[in-house]
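Just below is one structure, and these are the notes that go with it.
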Amino acid sequence: MSSAGFDRKLIAPMMLGSILNPINSSMLAVALIPIGAAFGIPPSQTAWLVTGLYLATAVGQPVMGKLVDTYGPRRLYLIGTALVGIAGLMGALAPNLGFLIASRVLLGFGTSAAYPASMSLIRSEADRTGQESPTGVLSALSIANQVIAVIGPTLGGVLIGVGGWHLIFTINVPLSIACVLLGWFWLPRRATGVRAGQRLDYAGIVLFAAMLVSLMVFLMLPAVSRLYLPVLAIGFGAAFSRRELRTLEPFIDLRVLGGNAPLLATYARQVLSFVVSYSFLYGFAQWLEEARSLSASAAGLVLLPMSGAAIVITAITGRRAQVRGKLVAGSIILLLAAAGLQLADAGSALWLLVALGVTAGFPQGLNGLANQNALYHQADPARMGSSAGLLRTGTYLGALIAAAANATFFKTGASTTGLHHLSFFLLITSSLLLLITALDRSLRRIGQPT
């Protein structure tokens with residue numbers, strides 16, 4: 001045990017690496033319309049740029065976590081952040097949409113490495129110093145991700161205004177170089193706690209990816225002639241579940257769900273919350289540019305208060321242990337935001353559009369934080385890592401469903417009619433979220449004095 005404190009040199013590479021995914025997610029919100037215009041394609045096709053990233057991340061995050069445990073955080077951090085730079089170059093030079101989607105897939109895998117590497121480093125530092133993981137470092141990582149999500153659409157709008165949509169991909173090159181240099185010089189070369197005997201569950205990875213791809217290909221363009229795709233997805237899902245429950249080292253440990261109804265409810269809330277959040281972010285951003293005729297830069301500024309509201313509400317309520325009140329309030333405010341989209345049209349005043357964004361922003365801070373705290377109390381302590389990983393998977397599933405919803409309602413363009421249809425979908429989703437929250441009696445016990 002060492003008396004030394006947390007190695008502060010680790011903070012810079014950890015924080016810079018952790019923002020790569022949220023910055024690429026949020027910047028794209030204002031780039032979908034310019035990209036569609038450049039290639040002459042509707043939003044139903046550019047939505048694959050969102051789907052590609054999150055499909056890759058949903059599969060890549062657990063894989064990278066296993067590889068970090070096997071080979072150590074430094075090696076995976078360097079490989080992952082280097083892939084981000086390569087993906088950035090691919091995107092900047094993309095001659096067509098297919099090549100651009102491929103760059104987003106590679107970007108998804110590359111950005112999946114920094115988070116598990118950072119968690120591993122924090123745990124190693126806790127072991128080295130003999131102290132619990134520093135809450136200040138964990139808070140800094142969380143705040144960095146929230147802040148970059150706030151400025152992402154605005155930054156994307158500025159970059160597009162300066163040099164076109166290509167710059168939102170090119171910016172990954174200097175970010176990647178900075179991460180690689182910081183990681184090379186400052187991350188420890190000898191990793192502790194590495195379990196070299198671990199094996200990857202290749203069959204589980206393939207079945208999980210096949211299930212998601214089959215389902216998303218159908219949802220992005222639903223048709224009777226393509227009903228075989230959800231049937232395939234169900235088959236792959238059943239085979240995946242059977243495999244994961246029987247193998248000793250599963251890709252995703254489904255055993256954490258066994259008989260734990262409150263935990264299942266938390267996962268469901270996580271999925272539903274992010275379906276609404278991402279549908280609003282990408283759908284509203286596209287509508288602002290196409291139907292409301294704002295530039296990408298102006299749309300980014302309109303969206304800025306939305307994520308700012310999430311940070312403010314997180315700062316105000318973050319220290320309160322109770323979760324039920326946050327989830328109920330978050331669900332109700334989501335209902336109001338979804339209903340408010342019915343008021344939007346091509347002549348809507350900017351103050352109304354900003355107000356709609358702010359209304360949608362508050363639940364992002366309430367629901368995300370509350371679900372995380374609920375999981376902490378509901379999960380088996382021995383399976384906390386796997387449980388937390390599944391919560392993050394729920395986030396990605398919500399983003400994928402949101403991409404499919406935007407593709408469906410904006411099939412021929414981001415019109416006001418499409419936005420109003422999306423509003424009805426979000427009203428149903430928010431109502432289901434409120435119902436699951438209201439029926440979960442276990443939430444009343446969380447955060448109450450014993």
Side-chain angles (χ1 to χ4, degrees), residues 22 25-26 29 142-143 145-150 152-153 265-285 287 302-344 352-375 391-392 394-403 405-406 419 422-440 443 446-447:
S25 299
S26 55
S142 177
I143 292 172
N145 279 263
Q146 289 193 30
V147 169
I148 206 64
V150 170
T266 293
Y267 290 141
R269 286 192 302 270
Q270 185 79 349
V271 173
L272 294 171
S273 297
F274 280 92
V275 167
V276 180
S277 295
Y278 280 109
S279 293
F280 198 101
L281 174 64
Y282 289 112
F284 193 49
W287 177 85
V302 169
L303 291 172
L304 185 61
M306 181 176 73
S307 296
I311 291 181
V312 170
I313 200 68
T314 299
I316 293 174
T317 66
R319 294 184 180 275
R320 299 178 183 177
Q322 293 85 355
V323 302
R324 188 175 185 276
K326 296 175 187 176
L327 290 168
V328 170
S331 302
I332 293 173
I333 298 173
L334 276 183
L335 278 168
L336 294 175
L341 289 178
Q342 293 291 327
L343 303 175
L352 174 62
L353 303 180
V354 171
L356 286 174
V358 169
T359 304
F362 285 125
Q364 293 181 25
L366 291 169
N367 293 331
L369 182 62
N371 283 328
Q372 179 177 286
N373 291 343
L375 176 134
L391 188 70
R392 183 167 281 248
T395 301
Y396 303 141
L397 290 177
L400 290 171
I401 296 171
N406 286 332
L419 183 71
L422 177 64
S423 168
F424 285 120
F425 169 72
L426 298 184
L427 280 169
I428 295 171
T429 307
S430 301
S431 298
L432 184 57
L433 175 62
L434 179 59
L435 179 64
I436 292 175
T437 301
L439 293 177
D440 188 355
L443 295 175
I446 298 176

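What you are looking at is a predicted structure, and each value in this text was computed from that prediction instead of being measured. Throughout, numbering of the chain's residues begins at 1 and tracks the sequence.
Not counting sequence neighbours, the partners of Leu343 by the side-chain contact (heavy atoms from CB on, under 4.5 Å) test are Leu352. Listed by chain and number, the residues in a side chain to side chain donor-acceptor pair (under 3.5 Å) with Thr395 are Gln270 (sequence neighbours excluded). Residues passing the ring pair (Phe, Tyr, Trp, His ring centres under 6.0 Å) test with Tyr396: none are found, sequence neighbours excluded.
Atom CG of Leu433 and atom CZ of Phe274 lie 11.5 Å apart (nearest 0.5 Å). Residue Leu427 holds its CG atom at 9.5 Å from CG of Leu422, rounded to the nearest 0.5 Å. Expressed to the nearest 0.5 Å, how far CD1 of Ile313 lies from CD1 of Ile316 amounts to 5.0 Å. Remark: Asn406 CG to Phe284 CZ distance equals 12.5 Å, nearest 0.5 Å. Interatomic distance, Leu434 CG to Leu272 CG, rounded to the nearest 0.5 Å: 11.0 Å. Atoms CD1 and CG, on Ile401 and Leu397 in that order, are 6.5 Å from each other to the nearest 0.5 Å.
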Criterion side chain to side chain contact (heavy atoms under 4.5 Å, CB included) on Leu327 and Leu443, from CA distance to verdict: CA-CA 9 Å; Leu327 290 168; Leu443 295 175; 3.8 Å; yes
Test side chain to side chain contact (heavy atoms under 4.5 Å, CB included) applied to Met306 and Leu281, step by step: CA-CA 9 Å; Met306 181 176 73; Leu281 174 64; 3.5 Å; yes
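Among pairs with a residue in residues 423-433, those fulfilling side-chain hydrogen bond (donor to acceptor under 3.5 Å, both in side chains) read Gln342-Ser423, at least two apart in sequence or across chains. Residue pairs satisfying the side-chain hydrogen bond (donor to acceptor under 3.5 Å, both in side chains) criterion with at least one member in residues 273-283, sequence neighbours excluded, are listed as follows: Tyr54-Tyr278.
The nearest pair of heavy atoms linking Leu353 to Ala344 is CD2-CB, 4.4 Å.
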Got a list of side-chain donor-acceptor pairs under 3.5 Å for residues 356-370, not counting sequence neighbours?
| unit_1 | atom_1 | unit_2 | atom_2 | d |
| --- | --- | --- | --- | --- |
| Thr359 | OG1 | Ala355 | O | 2.8 |
| Asn367 | ND2 | Pro363 | O | 3.4 |

